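The structure appears right after this line, and notes come after that.
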Amino acid sequence: MVSRFDQQKTKHQLFHVSISLATILICMTYMQYRRNWAHLGSFWDSLIVPIVFIGELLKVILARFFGRIEDGVLTAKQRQKKAAYFTPRELLGGLTLQFLCTLLYAFICIILGAPVLANYEQTFVLSLLMTLLTVSPTVFLLGGGGALQVCFCEKPDFITKCEDTALHLFKYNALGGILGAWAGSVVAPLDWGRDWQAYPIPNVIGALLGSALGNIYACTHVLYACGRVYMSKKRA
């Protein structure tokens with residue numbers, strides 16, 4: 001018999017993956033509707049970044065929704081420490097962390113071949129997208145201090161099981177986005193003369209597709225676990 005928590009965890013995982021895939025699908029539909037690949041590198045003329053931001057925020061809200069019951073299992077000291085991670089000072093720290101990560105991604109883009117002075121807006125858009133896919137969800141969920149602890153492979157002691165599930169899913173989202181953006185660079189030097197080969201279009205599309213594949217991989221784990229439970233119940 002599957003416990004109530006396992007059922008809630010499975011629902012959380014499936015809804016999380018559904019939001020991720022829906023976000024990517026909306027981005028792809030939007031790009032197909034615009035039919036102008038060049039706008040992907042524009043901060044003011046593209047809706048990709050706002051769409052991804054809303055999608056990541058919805059996943060954090062989902063984690064809060066499923067974790068509302070688990071807050072009661074925390075001790076008073078853990079609840080106090082958790083509340084301290086969402087003070088105005090910590091929120092400012094979370095914004096600073098995301099800004100620094102955006103600069104870090106921009107530096108990595110330049111190291112890997114992006115123009116230093118030209119296409120600075122495109123580099124900023126790609127870096128911001130990578131921050132949203134990797135760091136921002138954890139900052140939204142745990143605050144700046146909690147996100148820093150997670151970045152250094154140390155989970156805060158106030159993390160609930162639901163938040164731990166969300167962090168596990170965020171990992172697939174981040175790895176898929178990073179690998180996808182890197183893989184997108186492969187088509188840039190090819191002499192095909194296509195519009196979508198211009199920087200940072202293949203990297204943006206690669207990050208989105210990589211994120212989708214990461215979430216699909218996470219979904220297969222969930223469905224496989226559900227299938228095993230179903231088969232064991234059927235045999236019983």
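Computed from a predicted structure; not experimentally measured. Numbers for residues simply follow the sequence, beginning at 1.
More than 12 heavy atoms of other residues, nucleotides or ligands lie within 6.0 Å of OH in Y30, so this atom counts as buried by the packing criterion.
Closest approach of C27 and I51 over heavy atoms only: SG-CG2, 3.5 Å. Taking each heavy atom of A147 and L142 in turn, the nearest pair found is N-CB, 4.2 Å. Contact record, N203 with A181: ND2-O, 3.1 Å, taken as the closest heavy-atom pair. Considering every non-hydrogen atom in both A166 and A63, the closest pair reads CB-CB, 3.9 Å. Considering every non-hydrogen atom in both V125 and S42, the closest pair reads CG2-C, 3.9 Å. When all heavy atoms are compared, the tightest approach of L133 to G177 is CD1-CA, 4.4 Å.
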Check against side chain to side chain contact (heavy atoms under 4.5 Å, CB included), Y105 and L126: CA-CA 8 Å; Y105 279 121; L126 176 59; over 6 Å; no

Pair V17-V222, side chain to side chain contact (heavy atoms under 4.5 Å, CB included): steps then yes or no: CA-CA 10 Å; V17 172; V222 179; 5.6 Å; no

Check against side chain to side chain contact (heavy atoms under 4.5 Å, CB included), T165 and F66: CA-CA 10 Å; T165 299; F66 279 99; over 6 Å; no

Side chain to side chain donor-acceptor pair (under 3.5 Å) between Q98 and T131, worked out: CA-CA 7 Å; Q98 294 177 83; T131 300; over 6 Å; no

Working for side chain to side chain contact (heavy atoms under 4.5 Å, CB included), residues Q122 and I201: CA-CA 9 Å; Q122 288 80 357; I201 297 171; over 6 Å; no

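Side-chain contact check for Y172 versus S20: every heavy-atom pair is 4.5 Å or farther apart. The shortest distance between side-chain heavy atoms of I19 and E56 does not fall below 4.5 Å. Contact check for L213 versus L179: no side-chain heavy atoms found under the 4.5 Å cut-off. Residues K59 and N173 are in side-chain contact: their nearest non-hydrogen atoms beyond the backbone lie under 4.5 Å apart. With contacts defined as side-chain heavy-atom distances shorter than 4.5 Å, the pair L141/F170 qualifies.
Cluster membership check: V52 shares its hydrophobic cluster with I26, using side-chain heavy-atom separations under 4.5 Å among Ile, Leu, Val, Met, Phe, Trp and Tyr. Under a hydrophobic clustering in which Ile, Leu, Val, Met, Phe, Trp and Tyr are joined whenever their side-chain heavy atoms come within less than 4.5 Å, directly or via other members, M130 and V186 fall into different clusters. Transitive grouping of hydrophobic side chains (ILVMFWY, heavy atoms separated by less than 4.5 Å) brings L40 and M28 into a common cluster. Under the 4.5 Å side-chain contact rule for hydrophobic residues, M31 and L21 do not share a cluster. When the side chains of ILVMFWY residues are joined at heavy-atom separations under 4.5 Å, either directly or via intervening members, L62 and I54 end up in a single hydrophobic cluster.
Distance check, rounded to the nearest 0.5 Å: OH of Y199 to OG1 of T123 gives 3.0 Å. Distance check, rounded to the nearest 0.5 Å: CD1 of I48 to CD1 of I205 gives 8.5 Å. Taking OG1 from T102 and CG from L97, the interatomic distance works out to 9.5 Å, rounded to the nearest 0.5 Å. Here the CG atom belonging to N215 is positioned 9.0 Å from the SG atom belonging to C219, to the nearest 0.5 angstrom. Atoms CG and OG1, from L91 and T96 in turn, are 10.5 Å apart once rounded to the nearest 0.5 Å. In this structure, OG in S127 is found 8.0 Å from CG in L103, a value given to the nearest 0.5 Å.
Every residue two or more places apart in sequence or in another chain that forms a salt bridge (charged side-chain N to carboxylate O under 4.0 Å, His left out) with R34 is listed here: D45.
Counting only residues at least two apart or on different chains, no salt bridge (charged side-chain N to carboxylate O under 4.0 Å, His left out) pair has a member in residues 106-127.
Under a 3.5 Å cut-off, the side chain of S211 and the backbone N or O of A207 do not form any donor-acceptor pair. Remark: the backbone N or O of V187 is paired with a side-chain donor or acceptor of Q197 at under 3.5 angstrom.
Residues H12 and F65 place their aromatic rings such that the two centres sit no closer than 6.0 Å.
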